[in-house]
Peer 1: 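My questions will all concern the structure given below.
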Amino acid sequence: MLTFELPINPPYSYERLRSRLESHPDQQFQLIPECSMLRRAFRIETESFLVTLAFKGGLETPVLQVQTDKSLSAAQQEKLRKTVRHMFQADVDLEPVYQHMQTDQRLAPLTERFRGLRFLLDPDLFQSMVRTIIGQQLNLAFAATLTERLLTLAGDVVHDEQGQPFHVFPTAEAIARLEIEQLRQLQFSQRKAEYIIDFARAVVNRRVELDRLELMSDEEAIGYLTALRGIGRWTVECLLMFGMGRPDLLPAADIGLRNGIQLVYDLPEKPDEAKIRAIGESWAPWRSYISLYVWEAFGAFRRGEFAQPSADA
DNA sequence: GGCCAGGCTAGCA
DNA sequence: TGCTAGCATGGC
């Protein structure tokens with residue numbers, strides 16, 4: 001067993017994280033809101049184990065307390081620290097983003113309403129890509145169901161002290177070994193099953209090298225990955241945002257973002273992709289973060305928790 | 001019961 | 001180069 005603390009660059013809101021996880025179900029996380037905690041299984045190298053993450057210190061002096069259910073080697077500890085800092089964007093400074101949003105009267109109210117909201121990133125790029133392909137065109141609830149079935153089919157499992165199972169996302173090797181028909185039985189469409197297995201096989205046989213993305217610009221990464229069947233621009237934009245935490249992506253084809261921009265900018269009809277890109281120009285160089293806030297604004301609006309900015313005026 | 005979901009491809013003009 | 005049907009199913 002191992003415990004350590006990670007300071008987080010303030011502000012960080014556990015409440016906003018919880019709200020996002022509730023509207024974006026992820027079977028890999030267990031939420032324990034009464035003590036501001038999360039649990040999930042991690043896989044570091046070949047070992048899977050359970051991690052409890054406790055958010056201390058509140059919005060303005062946040063600290064993340066990390067506890068594992070088994071002891072780790074020094075190398076594994078270092079990898080876990082790095083992965084956790086990455087996933088929770090512990091080093092990101094939101095102040096320049098908020099200052100930028102203050103210059104747009106439509107965005108300014110979001111900085112207070114959602115203060116401390118950050119991305120919850122995927123722990124690795126393979127997982128991020130597979131989850132994004134599953135999410136293509138499907139509602140979030142059904143995408144989560146399909147992801148959970150894939151985890152159960154092909155992922156490792158670890159148990160907590162009560163025997164409750166925590167599934168670990170399958171490795172590329174495990175998915176590469178699957179047959180199309182196995183995913184069809186889980187209610188994946190024929191094409192989605194092909195895209196996911198083909199991608200896993202491309203990673204395993206090194207036809208695609210995800211490590212190389214680190215050295216590429218956003219546009220280079222989009223060119224590199226959209227060469228693969230089943231991977232379009234939206235999918236890579238999401239990978240760069242939710243897998244890598246790149247700050248300036250705008251998935252203009254995204255239906256949720258289109259709904260969010262229509263709401264925040266009080267537009268009479270749903271904006272098309274060109275209109276989204278035109279509006280997003282002024283969000284640079286923080287288009288990813290502002291997209292996140294606009295997504296959350298629309299989610300809160302749908303739950304009846306957030307009024308249109310113009311309705312307040 | 002119809003339409004929309006955090007899209008993409010193949011096929012056709 | 002640009003447009004559209006089809007994909008699978010859940011939720012409203």
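A quick note: this is a predicted structure, and the numbers were derived from the prediction, not measured. To find a chain, count down the sequence lines: A is the first, B the second, and so on, and within it residues start at 1.
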Peer 1: Any side-chain donor-acceptor pair under 3.5 Å between A:Thr147 and A:Gln27?
Peer 2: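 No - no donor-acceptor pair under 3.5 Å links their side chains.
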Peer 1: Mind checking what makes ring-ring contact (aromatic ring centres under 6.0 Å, His included) contact with A:Trp283, not counting sequence neighbours?
Peer 2: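 Once residues adjacent in sequence are excluded, A:Trp283 has no partner under the ring-ring contact (aromatic ring centres under 6.0 Å, His included) criterion.
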Peer 1: Out of C:dG11, B:dT9, C:dT9, which has the shortest distance to the side chain of A:Arg191?
Peer 2: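 Nearest nucleotide to the side chain: B:dT9.
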Peer 1: Listed by chain and number, what are the side-chain contact (heavy atoms from CB on, under 4.5 Å) partners of A:Glu78, not counting sequence neighbours?
Peer 2: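 With sequence neighbours excluded, A:Glu78 shows a side-chain contact (heavy atoms from CB on, under 4.5 Å) to A:Arg81, given in chain and number order.
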Peer 1: Return the residues of residues 235-248 of chain A meeting this criterion: a heavy atom under 4.0 Å from some atom of DNA chain B. Order them by number, or give none.
Peer 2: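 Under 4.0 Å from DNA chain B: A:Thr235, A:Phe242.
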Peer 1: Have a look at A:Arg131 and say if it touches a base, only the backbone sugar-phosphate, or nothing, with a 4.0 Å heavy-atom cut-off.
Peer 2: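 Here A:Arg131 touches no strand at all.
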Peer 1: Just compare B:dC8, B:dA5, C:dC7 and give me whichever is closest to any side-chain atom of A:Trp234.
Peer 2: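 For the A:Trp234 side chain, the nearest candidate turns out to be B:dC8.
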Peer 1: Which residues satisfy the side-chain contact (heavy atoms from CB on, under 4.5 Å) test with A:Gln185, sequence neighbours excluded?
Peer 2: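 Residues passing side-chain contact (heavy atoms from CB on, under 4.5 Å) with A:Gln185: A:Glu181.
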Peer 1: Across the strands shown, which category fits A:Gln137 at heavy-atom distances under 4.0 angstrom: base, sugar-phosphate, nothing?
Peer 2: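 Here A:Gln137 touches the bases of the nucleic acid.
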Peer 1: With sequence neighbours left out, write down each residue that passes ring-ring contact (aromatic ring centres under 6.0 Å, His included) with A:Tyr224, or none if nothing qualifies.
Peer 2: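 ring-ring contact (aromatic ring centres under 6.0 Å, His included) check on A:Tyr224 returns nothing, list empty.
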Peer 1: Pick the closest DNA chain B nucleotide for A:Tyr195 and for A:Leu257 by heavy atoms, then say which residue is nearer the 5' end.
Peer 2: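 This one resolves to A:Leu257.
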Peer 1: Please determine whether side chain to side chain contact (heavy atoms under 4.5 Å, CB included) holds for the pair A:Arg16 and A:Arg113, giving the CA-CA distance in whole Å, both sets of side-chain angles, and the decisive distance to 0.1 Å.
Peer 2: CA-CA 10 Å; A:Arg16 298 269 63 83; A:Arg113 173 63 178 79; 3.7 Å; yes
Peer 1: Select base, sugar-phosphate, or nothing to describe what A:Arg149 touches, counting heavy atoms under 4.0 Å on all strands.
Peer 2: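 If one applies the 4.0 Å heavy-atom cut-off, A:Arg149 turns out to touch nothing in the nucleic acid.
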Peer 1: Could you spell out the base pairing of DNA chain C as a dot-bracket line? Use Watson-Crick and G-U wobble contacts where both distances are under 3.5 Å, [ ] for crossing pairs, | for partners on a different strand.
Peer 2: |||||||.||||
Peer 1: Mind checking A:Leu146 for me? I need base, sugar-phosphate or nothing, with any heavy atom below 4.0 Å counting as a touch.
Peer 2: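 Since no nucleic acid heavy atom lies under 4.0 Å of A:Leu146, the category is nothing.
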